[in-house]
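What follows is a single structure, written as structure tokens, with notes after it.
All chains are named by letter (A, B, ...) in the order of the sequence lines, taking the proteins before the strands, and each is independently numbered beginning at 1. Quick caveat, the model's predicted, so the values are computed rather than measured.
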Amino acid sequence: MTTQTNTENDAAASADSASTILEVKNLSTQFRTRAGLVKAVDDVSFSVKEREVLAIVGESGCGKSVTALSVMGLIPTPPGEIVGGEIMFGGKDLLQASDDEMQEIRGGQMGMIFQEPMTSLNPVMTIGKQVAEPLRIHLGLSKAAARVRAGELLSLVGLPDPLEKLDDYPHQMSGGQRQRVMIAMAMSCEPKLLIADEATTALDVTVQAQVLELLIRVAEEFGTALIIITHNLGIVARYAHRVNVMYAGKIRESGTAADVYKNPGHPYTAGLLSSVPSLMQSTSGKLQSIEGEIPDLTDLPSGCAFGPRCPYVQDRCRLEDPPLENVGDDHISACWESAQFRGTT
Amino acid sequence: MTRYLLSRLGQSIVVFLIVSVVVFFAVRTVPQDPIYALVGEDAEGYTPAQIETIREEFGLNRPLPVQYMSWVGDALKGDWGLSFQNKLPVIDLIKKRIPFTLTLAVGAMAISIVFGISTGVIAALTRNSKWDMMATGSAMFAVAVPEFWLALMMILFFGVTLGILPVYGAVLIWDDPIEGFRLLIMPAFALGIGGAATLMRQSRSSMLETMGEDYIRTARSKGVKEKTVIIVHALRNSLLPVVTILGLRIGRVLGGAVVIETMFSWPGLGQLAVSSLQKADYPVIMAIVMFSSAAVIIANFVTDIAYSYIDPRIRYA
Amino acid sequence: MLILSIRKYSSQLVLLLAGVLLIAAISCGGSDGDDDSAAAATSTSAPAATAKPEATAKPEATLKPGTNPISATATAAPVATKADVAEPELLKRGGVLKYGADPNNNHVFFQQYTPGAGAFWAMTVGDPLMAYGADSEWLKEKSMAVSFDVSSDAQTLTFKLREGVKMHDGTDYNAAVQKFSLDWVLDPDNTAVTRPQIATIDKVTVIDEFTIELHISRVYTPILSALGMMGGMPFSPTAWEEQGADGFKQNGAPSNGPFRVKEWIQGTRTTFEAHPDYWNEGKPYLDGWIWEEIGDSQVRGAALTTGAIDLAQIPPSDTDTVAALRAGDAHPFVNFAGVRISHHNAARAPFDDKRVRIAAQMALDRQAWNDVLLGGEGHTYMGSVLPPTSGFAFEVDEYPYEYNPEKARELLEEYAAEKGLTLPLTTMSAFTCSAAQAEAGCVDLVEQPISIVTTSSAENVKRAEFEAAYFNAVGFEVTMDLGSGNEAPRTFVSKDASFSLRGFGVRPHPSGSFDSYMGVGGYWNNGGWSTAPKQLELQAILEAAAATYDYSEQVQLYKDAQELYMLEALGGVKSANNPTFWFSNSNVKWEGWPNDKAVMFPSDSSMKVYNMWLDN
């Protein structure tokens, strides 16, 4: 009863748009830890259409990275395990795919950029080799051809002296440069989908914008759909077509970026919006943080997981977990009190 | 780099000096008089005056500091003196032994590396499986077991019971590759297995750590095959601490060679060290110790250089 | 690379490693792996004697070193050639025998060979001027002298030399060659370790090509047997000119024996090849033999078992290997060579008193000593000393000083009461050297503790501690002076040692042994160890014995000396005879096999490899 899919809503919303390339249905991913079973992703469903930019937002530990890794098939097993659902990509359920099939998809049709530019590149391998690696694996380029293409890619992501950079090691570069390298690497085979997991979080604020701009530009150029995972709604608002807000392993709100931004359907989303410094907002306004801490995933509160932190919490919230329901056109939210809450904002 | 080399050289000279002083005086505390080692325990037929003459001939009648300075002076000129036992030039004795000890050391290191790193990597990749348990358990056993005991057991089992390997002796590999190799197996194994265990544990933990690194995930996200992830991305990164251990092993191997060479009648420096110590043949002992120190110092230096090849982040200024 | 197929073969690889270790663990045969071969080597390295004390074969009365009356002439029969003597039926020729022993061939020049290392191989490369067998018989097949005369003053010895003998380097053996070698050995500057054996020779004269005359400084009959040792072996003067001592040390000195040094690799092996022009036609049977240096006695045992070597020396302390080989099909040689003595110093109180000396004798339980320290493989001491040839053996029906701690304590109490002392006895009296002793390095001493001096080798320390417990139990209080054992020769000269634990070998001629054990002027730098009246009396008997060529008189005098020595409890506390073990493969044969005596040298307990053949 608490599990209600939002596929109809999506389907309705995207009827006139391009076709769906990724469809995640009822995905559940768990981790076995000493503390107990962690339901990091719990019955999550969403889809990404061609050329679409989807943002998944939420605080750390809300399950957004695990969702991305589940899609990529990179959940470390053990301790992690995908216990249910489907991940349809290119007409195939990735959860049923073999290791070899997954290796073909990863880096070829689906790329990923990670949060830590300092550690995400192999420190003992030249940039050129690392960028060339997917080219050689997926496109079958020769060593020389891959190197030429790697140079072009580095140039494309705006690195100065790209040919010299080919022989550099990651430690010789700044964080921003490394993230550009990551973009070049992930985009090298012109994938259909790119997941950027907190790709700019660790960078200087000024650099963040540049890298995001680059990401969007390259994605547009290659016709790549983009999933941007971030906890910063402000940055996303400018680029994302759609936003999924996650909390405690579940999607709590989903809608077009404009809708969610202007008229959040969930108190948690509202909290996020007011707690994040944004390039678009005046920094003079006082930032507000969401009271309390994210719940222990091994021991979730009954009812709505956000309940304990929610300023609008009601008795019902403590008993029953609200399902996702339409709160607007192509806009769903999981909150018993959304009407009341939206009325007050 | 030049500056680095010079500073290393300076350090090495200091180490050499300290080693030479310590050993020079330490060997003289060995309760064996080189004169009596030469003329026999009972000095049968020798008069005290003759004994004193030999003592003078060996220069042992002079005060210790004088003896030391004289030794250093000669050694700097490349003169390592004559063996007390047979008055043959020490340098010649050592030269004949070095190829044997190097062969054994290389063999032992090869055993350490091949067994150690492969089982370490396997154990890491199959973490907590029965294979991991067995590899870890075997390593603990190999670390705990004394080398001479292992040597003896191997001799009894492979040499006597099975009769498939020769029980003693040495032939240089380039003189007779097949027999040389057969003779090398047991001593190299006995000498190298302790190192294999150490390397196994180090490479296991190092590999485990590396496999959890972000760039491994990055490599996987690029669709790199798991085998390639392990060999190309993980192994080299996990090698650095392993190489450190490897560098430190050189000293252990040279030390262990003393026992193993004696057990297997392997005519290397270790065996010469034992017989020279028994006879209190100071010039030979000094030369062996200095050579071994040089080997260890060079090994450490090579290790440092190897770091910068393995890890481009390390550069010596 | 191994790692390429990690996933696939991981299980097998780990299994292999674990398996190897497991197998090694299982195959552990109960050995504790204790490696005390180094200590054992020290203890067994003393030149060893041959005949067991109970051997009773009466020697022939001819051609013995000491049998000849003054102005005697002795002639050896011409040596039998191959044609004259029927060869043993199963004799086989060819092959290379491998002998496994401790690494101690520090060089291969026998005249400068370190004593104690035991130049086992020397007797196979050289045939000395004289040669004697186990029963003092003239070993004709080794001797270069075919006859000799003794002058009326018994100080000039004239030897007729064998003709047609070729040296290893192809030169001819003759009187000039023999003289050159003897002179070289006698020159103190050459520090030949063999010099003391023949030092009484003061002049060597060539009479003609095959006649040589030796003059000795005093009447000293043991010189004949001494010439049967390494000091009497010739080496090529031509080769000396070319190579000198350094060359000889590495290449071996060309001599005249059945084998010559082919290659010496220090720490590995010494290879000997048959001398192609050996004078004794038909010998040797082997193409060569190899001294394999194997440091660990357990490994030597293993090598013998696998057939990697044919003959192995095993120290008695390695009881595991001895027992294992005894249980197998190896042929054992047991030689009770050295006697173990804790010397005490009869020149100084309290050991200047016979009661104290006897108490010390009675304090020690020899059977326990043998059982504990030698695994029961030794031979508890019965006679006075161990004579090298049975003809000189002095046997008693009942040893007067059997283990009797009560009696020992009684004697000490009696002594203490007389001297106004209380037990335990803790100190030795002061000592003033005589002029002659001072000359020899003796220093005057003050009163000092009674101590046991020995080397730091594990075996000697064990012995010292074992014996100290027995001495202390009857009323001595000895301090342990471990590690300065190598200084003992000098401390004995200086008379400051109390108990000094030493192993003793025995000389080929009894007088040599008796000098060493009993005489004032024997061992240890001619300083002797005692000027006690009884010791001087003993010395007079020994000197008389060494000065006579009358064999029966000589035998009687030596027996008298032994009796006095034993009854007066001089010298020290004997414990047990130390066995030395060899084991041979069943394919090692010799004429008279399995009689060990037929192939064992009396002078240094080495094997007559030139009489052996390989039966496989």
Next item on the list: Determine the sole option in B:Leu156, B:Leu152, B:Ile155 for which the side chain to side chain contact (heavy atoms under 4.5 Å, CB included) test with C:Gln298 is passed.
Entry: B:Leu152

Checklist line | Within 6.0 angstrom of C:Met480 CE, more than 12 heavy atoms from elsewhere | finding: yes

Checklist line | Heavy-atom donor-acceptor pair, C:Asn106 side chain to B:Asn86 backbone, under 3.5 Å | finding: no

Check: So, for B:Val167 and C:Val299, which heavy atoms are closest and what is the spacing to 0.1 Å?
Finding: O-CG1, 3.8 Å

Next item on the list: Check B:Gln85 against C:His107 and note the closest heavy-atom contact, atom names and distance.
Entry: O-CD2, 3.8 Å

Checklist line | CZ/B:Arg236: more than 12 non-hydrogen atoms of other groups inside 6.0 Å | finding: yes

Check: Among C:Ile294, C:Thr305, C:Ile309, C:Thr268, which has the most heavy-atom pairs under 4.5 Å with chain B?
Finding: C:Ile294

Note to self: Less than 4.5 Å to any heavy atom of chain B: does that hold for the side chain of C:Glu293, its backbone, both, or neither?
What the structure shows: backbone

Item checked: Within 6.0 angstrom of B:Lys225 NZ, more than 12 heavy atoms from elsewhere -> no

Check: Where do C:Ala302 and B:Val160 come nearest, in terms of heavy atoms and distance?
Finding: CB-CG2, 3.5 Å

Notebook entry, point to check: Does the side chain of B:Tyr168 reach to within under 4.5 Å of the side chain of C:Glu292, using non-hydrogen atoms?
Noted result: yes

Next item on the list: Starting at CG of C:Asp102, measure out to CD of B:Gln278 and round the result to the nearest 0.5 Å.
Entry: 7.5 Å

Margin query: Given 3.5 Å as the limit, does a donor-acceptor pair link the side chain of C:Arg269 with the main chain of B:Gly169, or not?
Written below: no

Check: How close do B:Ser265 and C:Gly295 get, heavy atom to heavy atom, and via which atoms?
Finding: OG-N, 3.6 Å

Check: What part of C:Ile265 is in contact with chain B, defined as an atom under 4.5 angstrom from a non-hydrogen atom: side chain, backbone, both or neither?
Finding: neither

Check: Looking at CD of C:Gln266 and OG of B:Ser83, how far apart are the two atoms once the value is rounded to the nearest 0.5 Å?
Finding: 7.0 Å

Next item on the list: Taking all heavy atoms of B:Lys87 and all of C:Asp246, pick out the closest pair and write down the distance.
Entry: O-OD1, 4.2 Å

